[in-house]
Amino acid sequence: MRITIVDSVSPISNIDTPQLGPLTIYNILKDKYNVTYISLSSISVSKCSEMSKTLEDNVPFFASTILDSTPDVVSFYCLCDSFISALLIAEFLKNKNRRIKILFAGPHVSHFCLQALRSFPFIDIISYGEGEITSRELFSALEAEASLDKVKGIAFRSSEGKIRFNPANRLITEDELCANVLLDYEPYPVMGKDTIYLEAGRGCPYKCNFCCTSVFWGRKSRMKPAKHLVEEMLNLSNKYGISTFSLQHDLFTLNRISVEEFCEELLNSELNLQWYCSARVDCLDNVIIEHMKNAGCKMIFLGIESGSQHVQKVINKNINVDEITKCIDMISASGIGVAVSFIYGLPGETVEDFLRTSELITLLLKRNVFAVNANAYITLPGTAFYDKYRESFVFSPEKLSTSLYRKCSFGEKAINYITSYPECFQCYYTFPSEVMDRYTHFDLLVAAFTQCRDIFRGVLRYFQDNYSLHELYERFKASIDMLYNDLNNNSQFGSGLSDKQLFYRYIKEMIAGELLDGNVHESNHRCLLEISDFENRLCEISPLSKYESLKYNMDVINYRNTGVIRWEETIIEVRVVDSKIILKSKRVISISVP
């Protein structure tokens, strides 16, 4: 029996980050069966310029790649943003060869197995929940051509065409989790990469109303033992030459003792490895942060979601908002980077609530938090909010984030699927919200500050010093709408501008609008004129540039670094060395050439 495992590929983004879910199943099956792993996400990156903008136009190419493996069974890994891709490719395969069994698996499809089987007759089997035990039992039965009636963790279409839903499989134990040693990342171009993903554990005991994690993992948190995890890091470092690890766990810092044991094990190993992890504000303090720093922690991700205590209660996250900045300051003071994420447009969120979140994001950007993300709320099946508001949802593509939906990437067939089967595509549906009506594309403004501060650090500092984010949104809404339209018609496939180039263009629109405003104070006007001229020149520098000398009446480098305006003649030498821009006046800094 020939098995082909296909990873998740988004119609929007071309990212080739290793996907641990399907890789785990591949590693389990490959020693017993003839298994091919096809990373459509990696192919979408390597063949990006040769591909079409629209998903439907790329389906034959993706399908032919799969058919070249002559599969008997094709397993698709499904996330919410890739489910539509998997459907169109699977349907194409089934039309080409009716004998191929189509299997869907992954977090997204696990929540609506029966609806998917009823709606899409080309799907034969759906594996729901964790896949380790289920995949062994399922493929053993398929190879023996035995009945699937006793295979736990699946829904399937019987030979008579009847849809059956079998009982769930148990969650694997921590010992069984340790058997998932992913030494084979070969389907992905990991050699020479800075960072690699590594599963540290699973699950989260909390029950946030917007999150499906607790449903999928059963609110049970499991962590790999410290010694085992460090051994995996060492093996992967030796094999792929990588020294930084993104430790994948929904809540790595939940069990303080486990974190301390891991830090001690890593320190004792003297491996000098670095790592990222996720945490909650209320699971950190100075002692554990310092321990993590000493053990090589480079970045901590915090899901904040909202700066409003009212919303924290509504979403059942219940973080004390007064502790958020204190925690972030503790992390930053230790030298560990911080990445934070917010959600706006949540059920129950008022404009007043949103403004509190906007003010918190503004504050964090001013404090140079490494990464700040704002995400428009999307509804995920299996969540409490899905069950409560499902009757209120409407398909409003103009309110969707461009990271999830772009008009240029979705053809008529994809749109027809989304509108005909809303239970399977809830992530593309929105509900009435005053916040979303007024601040629809607020996420793009926040993204601009994160995407563009490598070049436009001074310009963004100017805007942060003079306006709050929601004031900026209202002041430059026309420019934000233009950016949205540009992104909505800009595919990451085929030839065209990158998203970052569009964000740069948007920042230039903001600069032009501010300089043309006669109400801007003269000193602010002069400051922006100097810093924007300098950073616009940086934007035009290419890796082939060699040397340039620039003269300004303001110390623009000092302003970029400190926000302090010093009106003094400054000559800046600009050099490009190893694709890095080197700026020299009174100090030297280095930023990447875009």
Side-chain angles (χ1 to χ4, degrees), residues 1-8 18-42 65-78 86 90 93-94 97 99-107 109-110 113 123-159 164 166-188 190 197-199 202 222 224 228 231-232 235-236 239-240 248:
M1 180 174 61
R2 292 178 177 270
I3 303 166
T4 297
I5 296 175
V6 181
D7 73 354
S8 165
Q19 297 176 22
L20 301 186
L23 268 181
T24 297
I25 304 305
Y26 170 63
N27 277 269
I28 287 172
L29 299 177
K30 67 178 183 177
D31 292 335
K32 186 173 182 180
Y33 304 99
N34 186 340
V35 186
T36 301
Y37 189 100
I38 295 178
S39 172
L40 293 185
S41 63
S42 294
T65 303
I66 296 169
L67 288 170
D68 286 345
S69 66
T70 61
D72 298 304
V73 182
V74 178
S75 175
F76 288 92
Y77 183 66
C78 300
L93 291 175
K94 201 70 166 181
N97 185 346
R99 291 176 297 178
I100 295 176
K101 284 199 177 294
I102 300 295
L103 166 66
F104 274 32
V109 74
S110 288
C113 302
I123 301 177
D124 298 299
I125 308 167
I126 292 177
S127 172
Y128 67 92
E130 288 185 339
E132 285 89 346
I133 299 173
T134 298
S135 61
R136 291 185 177 96
E137 295 176 353
L138 173 60
F139 285 104
S140 177
L142 289 174
E143 185 179 46
E145 298 183 354
S147 169
L148 301 183
D149 289 345
K150 294 184 179 180
V151 177
K152 291 182 178 180
I154 67 167
F156 66 100
R157 201 181 310 278
S158 71
S159 56
R164 304 191 183 280
N166 292 354
N169 238 318
R170 64 174 176 83
L171 297 177
I172 63 174
T173 64
E174 287 186 346
D175 288 341
E176 289 170 316
L177 187 62
C178 290
N180 296 337
V181 182
L182 295 176
L183 295 181
D184 189 357
Y185 285 69
E186 297 305 331
Y188 297 92
V190 296
Y197 279 24
L198 174 61
E199 185 176 37
R202 296 177 186 174
R222 288 151 291 167
K224 289 181 178 177
H228 183 96
E231 285 178 357
E232 279 194 74
N235 290 336
L236 289 170
K239 184 170 184 178
Y240 297 114
Q248 298 298 292

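For the residue pair Y128 and C113, the shortest heavy atom distance occurs at CB-SG, 3.6 Å. The shortest non-hydrogen separation linking N169 to K152 is ND2-O, 3.2 Å. Between P22 and D7, the closest heavy-atom pair is CG-CB, 4.2 Å. Across all their heavy atoms, A141 and V151 have their closest contact at CB-CG2, 4.0 Å. When all heavy atoms of L148 and F156 are compared, the closest pair comes out as O-CE2, 3.8 Å. Heavy atoms only, all atoms of each residue included: T173 and E176 are closest at N-OE1, 2.8 Å.
Here the straight-line distance linking atom OG1 of T24 with atom CG of L29 works out to 10.5 Å at 0.5 Å rounding. From N166, atom CG reaches atom CG of L138 across 10.0 Å, with rounding to the nearest 0.5 Å. K30 NZ to I25 CD1: the interatomic distance, rounded to the nearest 0.5 Å, is 13.0 Å. Note that CD1 of I154 and OG1 of T134 are 8.0 Å apart. Values are rounded to the nearest 0.5 Å. Expressed to the nearest 0.5 Å, how far SG of C78 lies from CG of L103 amounts to 9.0 Å. The structure places OG of S110 at 10.0 Å from CD of E130, a figure rounded to the nearest 0.5 Å.
Two residues are said to be in side-chain contact when any heavy atoms from C-beta on lie closer than 4.5 Å; I5 and Y77 fail this criterion. Using a 4.5 Å heavy-atom threshold, the side chains of Y188 and L23 count as touching. Using a 4.5 Å cut-off on side-chain heavy atoms (C-beta onward), Y197 and Q19 make no contact. Between V73 and Y33, every side-chain heavy-atom pair lies at or beyond the 4.5 Å cut-off. In this structure the side chain of I3 never reaches within 4.5 angstrom of the side chain of L142, judged on heavy atoms.
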Please lay out, stage by stage, how I28 and F139 fare under the test side-chain contact (heavy atoms from CB on, under 4.5 Å). CA-CA 11 Å; I28 287 172; F139 285 104; over 6 Å; no

Would Y37 and D184 count as a side-chain hydrogen bond (donor to acceptor under 3.5 Å, both in side chains) here? Give the steps. CA-CA 11 Å; Y37 189 100; D184 189 357; over 6 Å; no

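Just one of K94, R164, K101 meets the salt bridge (charged side-chain N to carboxylate O under 4.0 Å, His left out) condition when paired with D124; it is K94. L67 pairs in a side-chain contact (heavy atoms from CB on, under 4.5 Å) with only one of the listed residues (T4, V74, I100), which is I100.
Using a distance-only test at 3.5 Å, with no hydrogens or angles considered, no donor-acceptor pair links the side chain of S140 to the main chain of E137. Of the possible donor and acceptor atoms, none in the side chain of R170 sits under 3.5 Å from a partner among the backbone N and O of I133.
Using a 4.0 Å cut-off between charged nitrogen and carboxylate oxygen, K32 and E143 do not count as a salt-bridge pair. A salt bridge links R202 with E132: at least one charged nitrogen is closer than 4.0 Å to a carboxylate oxygen.
Taking the six-membered ring where the residue is Trp, Y240 and Y185 present perpendicular rings, their angle passing 60° and hence far from 30°.
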